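To start, the structure itself, in structure tokens.
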Amino acid sequence: MKRVVVLTGAGISAESGLKTFRDSDGLWEGYDIEEVATPQAWQRNPALVQEFYNMRRKSVIEAQPNAAHYALAQLQDKFDVTIITQNIDDLHERAGSTNVVHLHGIITRSQSSLNPELTYPMEGWELGMNEVCELGSPLRPHVVWFGEPVPMIEKAAAICATADVFILIGTSLAVYPAAGLVDFIPDGVPKYIIDPNIPYVRGANSVIKIEQKATTGVPQVVSELMNQPD
Ligand code: APR
């Protein structure tokens, strides 16, 4: 089976009603990264950080996967598919994708503020200030903040190195180390980029640009791949 590696960003969930970060009405227009998405923010004002992620968790739970998430799940019928996502939503899983690597964590789980390896499933959308992990330290959202290591990055890079086909969807490639993953895709491997605002990716000859929204562009690429001879 050919291996398809997909790297997704906030753009794939935009049409599910979840805001991107750097578009004109994006999340980072309304919030200061330093105030809500850093370990320092958590030290200074944990209640504000909890509130920010509680609101985001509520939006994620209320959102539904869209045609792009479903199309990627369909690819599994013919290919060995790994989705590497920068997104903290669970829409890939809810659409049926079974092999999803969450580079920046997943909002539907909480995490010990003492040991990042201790994570827990959550019931509802609200994480309270008085909830603690098994070590007795406060629970925080299971997300990777700016300035924190990205534990899954080496695994993700190794997966990229095995790709036969690469698909990049809805990411500005502004954030490292995630953005560096495209450099691990072997030369000559076809790289489909689906985004209304195509980011720069090296390797002009193998880049196929689809300048469209995810719900239009992704089903189109998936149907092209499904109809290719083995
Ligand atoms: N379909 C496809 N792509 C879209 C759509 C859409 N409907 N709408 C917007 N986009 C594209 C934008 O053109 C842009 O290239 O999605 C991308 C969104 O970029 P960012 O907002 O920078 O999001 P992302 O790349 O996922 O951000 C990376 O930054 O703040 C951190 O941790 C956060 O994981 C996130 C990381």
Side-chain angles (χ1 to χ4, degrees), residues 6-42 49 52-53 55-57 59-60 63-72 83-93 95 100-109 111 116 140-153 156 160 166-183 191-201 207-222:
V6 188
L7 176 59
T8 65
I12 195 167
S13 298
E15 290 161 274
S16 292
L18 301 178
K19 282 189 176 187
T20 63
F21 296 95
R22 293 173 187 80
D23 287 307
S24 56
D25 63 340
L27 270 173
W28 297 148
E29 287 267 297
Y31 290 91
D32 185 346
I33 288 177
E34 302 297 329
E35 300 296 326
V36 294
T38 61
Q40 292 75 17
W42 176 250
V49 175
F52 174 71
Y53 285 100
M55 286 302 119
R56 303 213 39 224
R57 191 177 296 105
S59 317
V60 165
Q64 299 301 328
N66 64 46
H69 299 103
Y70 285 115
L72 290 178
I83 297 179
I84 301 167
T85 188
Q86 299 169 81
N87 299 345
I88 58 174
D89 67 54
D90 60 352
L91 298 182
H92 284 302
E93 287 88 345
V100 186
V101 176
H102 280 270
L103 280 180
H104 296 160
I106 187 160
I107 189 79
T108 51
R109 295 182 77 85
Q111 176 182 314
R140 53 165 274 185
H142 176 41
V143 299
V144 174
W145 286 326
F146 286 92
E148 290 189 316
V150 178
M152 300 303 277
I153 198 71
C160 286
F166 178 63
I167 312 177
L168 183 73
I169 307 163
T171 172
S172 63
L173 291 182
V175 170
Y176 282 81
L181 287 174
V182 294
D183 293 325
K191 303 182 185 77
Y192 294 88
I193 307 184
I194 303 154
D195 197 305
N197 187 10
I198 305 269
Y200 173 74
V201 170
V207 169
I208 304 142
K209 297 177 186 170
I210 293 138
E211 209 171 336
Q212 280 176 17
K213 289 187 170 182
T215 61
T216 311
V218 177
Q220 191 179 306
V221 168
V222 166

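If you're wondering where the values come from, they're calculated on a predicted model, not measured in any experiment. Order of appearance sets the numbers: ligands from 1, and atoms from 1 within every ligand.
Shown in contact with N197 at under 4.0 Å from a heavy atom are these atoms of ligand 1, numbered in order with element: 13 (O), 15 (O). Listed by number with element, the atoms of ligand 1 under 4.0 angstrom from any heavy atom of E15 are 1 (N), 6 (C), 7 (N). For ligand 1, the atoms lying closer than 4.0 Å to a non-hydrogen atom of F146 are 30 (O), 31 (C). Close approach of ligand 1 to G9 (heavy-atom distance below 4.0 Å) involves ligand atoms 26 (O).
Counting protein heavy atoms only, atom 10 (N) of ligand 1 is closest to G11 CA, 3.6 Å. Considering only non-hydrogen protein atoms, atom 3 (N) of ligand 1 sits nearest to P196 CD, 3.2 Å. The nearest heavy-atom contact from the protein to atom 35 (C) of ligand 1 is F21 CE1, 3.4 Å. Shortest contact from atom 9 (C) of ligand 1 to any protein heavy atom: D23 OD2, 3.3 Å. Scanning the protein for heavy atoms near atom 8 (N) of ligand 1, the closest one is A14 CB, 3.9 Å. Among protein heavy atoms, atom 28 (C) of ligand 1 sits closest to Q86 OE1, 3.3 Å. Among protein heavy atoms, the minimum distance from atom 36 (C) of ligand 1 is reached at V175 CG2, 3.8 Å. Distance from atom 13 (O) of ligand 1 to its nearest protein heavy atom, with residue and atom name: D195 OD1, 2.6 Å.
Panel note: side chain N87, backbone G9; a donor-acceptor pair is recorded below 3.5 Å. Remark: the backbone N or O of Q86 is paired with a side-chain donor or acceptor of H104 at under 3.5 angstrom. Looking only at distances, a side-chain donor or acceptor of T38 sits under 3.5 Å from a matching main-chain atom of A41. Remark: side-chain polar atoms of D23 are not paired, donor with acceptor, to backbone N or O of D25 under 3.5 angstrom. Between the T171 side chain and the T8 main chain, no donor and acceptor come within less than 3.5 Å of each other.
When non-hydrogen atoms are compared, ligand 1 lies under 4.0 Å from the side chain of H104 (C-beta onward) but not from its backbone. Residue-level proximity to ligand 1 for K213 is carried by backbone and side chain together, each with a heavy atom below 4.0 angstrom. Looking at T171 against ligand 1, both its backbone and its side chain come within 4.0 Å, counting heavy atoms. In A174, neither the side chain nor the backbone holds a heavy atom less than 4.0 Å from any atom of ligand 1.
On a distance-only criterion, R22 and ligand 1 share at least one N/O pair closer than 3.5 Å. Residue G170 places at least one N or O, backbone or side chain, under 3.5 Å from an N or O of ligand 1. Residue A214 places at least one N or O, backbone or side chain, under 3.5 Å from an N or O of ligand 1.
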| Derivation and outcome, side chain to side chain contact (heavy atoms under 4.5 Å, CB included), residues V222 and Y70 | CA-CA 10 Å; V222 166; Y70 285 115; over 6 Å; no
| task | Start with the C-alpha distance between Q220 and Q212, add both sets of side-chain angles, then the distance that settles side chain to side chain contact (heavy atoms under 4.5 Å, CB included), and finish with yes or no. | result | CA-CA 10 Å; Q220 191 179 306; Q212 280 176 17; 3.3 Å; yes
| task | Would you please test I12 and H92 for side chain to side chain contact (heavy atoms under 4.5 Å, CB included) and show each step? | result | CA-CA 10 Å; I12 195 167; H92 284 302; 3.8 Å; yes
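Using bins of under 30°, 30° to 60° and over 60° for the plane-to-plane angle, the ring pair Y53/W145 lands in the tilted bin.
Ion pair R109/E93 not flagged as a salt bridge, since none of the NZ, NE, NH1 or NH2 atoms sits closer than 4.0 Å to an Asp/Glu carboxylate oxygen.
In the displayed structure, K191 atom NZ is contacted under 6.0 Å by more than 12 heavy atoms of other residues, nucleotides or ligands.
Residue pairs satisfying the salt bridge (charged side-chain N to carboxylate O under 4.0 Å, His left out) criterion with at least one member in residues 8-17, sequence neighbours excluded, are absent.
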